Amino acid sequence: MLLEIKNLCLSFGGLKATNDVSIAMEEGKVYALIGPNGAGKTTFFNLISGVYKPDSGTITFDGQRLDGKRPYQVNEAGIARTYQVINLFKKMTVLDNVKVGMHTKLKSGFIQSMFHTKSQQAEEAAIIDKAMDLLAFVGLKNHMNDLAGDLSYGQQRLLEIVRAMASEPKLILLDEPAAGMNSTEKVELNVLIRKILARGITVLLVEHDMKLVMNIADHIFVLNHGQKLAEGSPLEIQNNPKVIEAYLGGGAKK
């Protein structure tokens, strides 16, 4: 298992935002986490990525315990994420935003950077090459010198995904990546997720667009009121009476 979460719990006062949730994920698949508003999906992402510390339960990633670790430690371990609300450095260039995503992988320290040593210069050149490769991967290479805030909404979403990929993760968490995208951009996102998977990066996404989820996910987890309601293949989830009652309704099937 790449990611194994057991009996995860987190409460805010008297509210159990995550209540005894357990999931397991293998490498090389696309997973989706769905549920109605307030089900605890983003809270669950925040627990995995180290934004929140669980009250109890364990998070094991690639054989390493991560529960209680800080976000930068989680990123160093191989997990990267995007956010429900776009969280770019909008007054920095597109290229610099991608370079920021590599900060946990840099080896040059303060002294090397201050004196621009040969090792620091070589590392900087390698960073730029890698950033350019990633920007080309999503079609943003020609925007490398543009300010991130000047990109279209869909392009900003792509840039945030690229910045997450820059840290060379084994698992990427995508929090509502299709939010605000038009139909054409959603088709392109579907293709992009498959390309990310082909690079050896496992994907877990939170998404409300059920057509996208059912087309892209290999396995789906359903949360409701902070608890795991169901899990299974897209077909199993579409036909699960509890899921239909709690969330999907009649419009989920293709």
Side-chain angles (χ1 to χ4, degrees), residues 2-3 23 25-37 39 41-42 44-45 48 79-88 94 97-98 101 133-143 151-223 230-240 243 247-254:
L2 180 66
L3 178 68
I23 69 169
M25 293 171 43
E26 299 175 349
E27 286 186 272
K29 293 183 178 181
V30 176
Y31 293 85
L33 182 65
I34 67 172
N37 289 330
K41 303 182 297 296
T42 295
F44 197 66
F45 264 25
I48 297 173
I79 299 177
R81 68 168 294 182
T82 64
Y83 293 84
Q84 185 175 350
V85 177
I86 292 175
N87 192 22
L88 297 171
V94 168
N97 266 272
V98 179
D133 174 68
L134 288 169
L135 289 172
F137 179 68
V138 296
L140 291 178
K141 185 175 180 179
N142 291 337
H143 297 278
L151 297 179
S152 70
Y153 186 88
Q155 289 172 330
Q156 289 186 34
R157 283 282 180 193
L158 293 178
L159 178 56
E160 193 170 40
I161 292 172
V162 165
R163 186 177 62 182
M165 291 177 63
S167 64
E168 301 179 352
K170 293 182 179 179
L171 170 65
I172 187 168
L173 311 177
L174 303 179
D175 196 349
E176 297 194 28
M181 287 188 172
N182 59 41
S183 58
T184 300
E185 290 170 334
K186 288 179 181 179
V187 171
E188 293 171 351
L189 176 64
N190 191 316
V191 173
L192 175 61
I193 290 173
R194 286 298 178 194
K195 289 169 63 179
I196 291 172
L197 196 67
R199 283 200 169 204
I201 303 173
T202 302
V203 177
L204 173 61
L205 69 150
V206 165
E207 185 53 62
H208 285 291
D209 187 317
M210 286 300 99
K211 183 177 180 181
L212 175 65
V213 168
M214 297 303 168
N215 284 331
I216 195 68
D218 298 304
H219 194 86
I220 300 172
F221 304 106
V222 185
L223 291 185
E231 68 171 287
S233 68
L235 183 61
E236 289 170 333
I237 294 301
Q238 289 181 54
N239 292 288
N240 187 307
V243 176
Y247 180 51
L248 293 179
K253 296 185 180 181
K254 292 184 252 183

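These figures come from a predicted structure and were not determined experimentally. Numbers here simply count residues along the sequence, with the first being 1.
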Please report the shortest heavy-atom distance between [X] and [Y], naming the atom on each side.
X: Met181; Y: Glu185; result: CA-OE1, 3.3 Å
X: Met165; Y: Leu134; result: CE-CD2, 4.0 Å
X: Ser167; Y: Ala80; result: OG-CB, 3.6 Å
X: Leu223; Y: Ala39; result: O-CB, 3.4 Å
X: Ala166; Y: Val98; result: CB-O, 3.5 Å
X: His219; Y: Glu231; result: NE2-OE1, 2.7 Å

Hey, are the side chains of [X] and [Y] touching, using non-hydrogen atoms and a 4.5 Å cut-off?
X: Pro234; Y: Ile220; result: yes
X: Asn37; Y: His208; result: yes
X: Phe44; Y: Ile23; result: yes
X: Gln84; Y: Phe45; result: no
X: Arg157; Y: Pro177; result: no

Pairwise distance [atom1]([X]) to [atom2]([Y]) - rounded to 0.5 angstrom:
X: Ile193; Y: Leu197; atom1: CD1; atom2: CG; answer: 9.5 Å
X: Ile34; Y: Lys41; atom1: CD1; atom2: NZ; answer: 9.0 Å
X: Met25; Y: Thr202; atom1: CE; atom2: OG1; answer: 6.0 Å
X: Asn182; Y: Glu188; atom1: CG; atom2: CD; answer: 8.0 Å
X: Arg163; Y: Leu135; atom1: CZ; atom2: CG; answer: 12.5 Å
X: Leu204; Y: Leu171; atom1: CG; atom2: CG; answer: 6.5 Å

Pick out which of Ile196, Leu159, Ile161, Leu192 makes a side chain to side chain contact (heavy atoms under 4.5 Å, CB included) with Val138.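 Only one of Ile196, Leu159, Ile161, Leu192 forms a side chain to side chain contact (heavy atoms under 4.5 Å, CB included) with Val138, namely Leu192.
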Quick check: does any side chain N or O of Glu207 sit under 3.5 Å from a backbone N or O of Ala178, one acting as donor and the other as acceptor?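 Side chain of Glu207 to backbone of Ala178, a donor-acceptor pair under 3.5 Å: yes, one is there.
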Side chain of Asp175, backbone of Thr82: donor and acceptor closer than 3.5 Å?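 No; zero donor-acceptor contacts below 3.5 Å.
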Is the number of heavy atoms from other residues, nucleotides or ligands within 6.0 Å of NZ (Lys170) greater than 12?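 Count not over threshold, so no.
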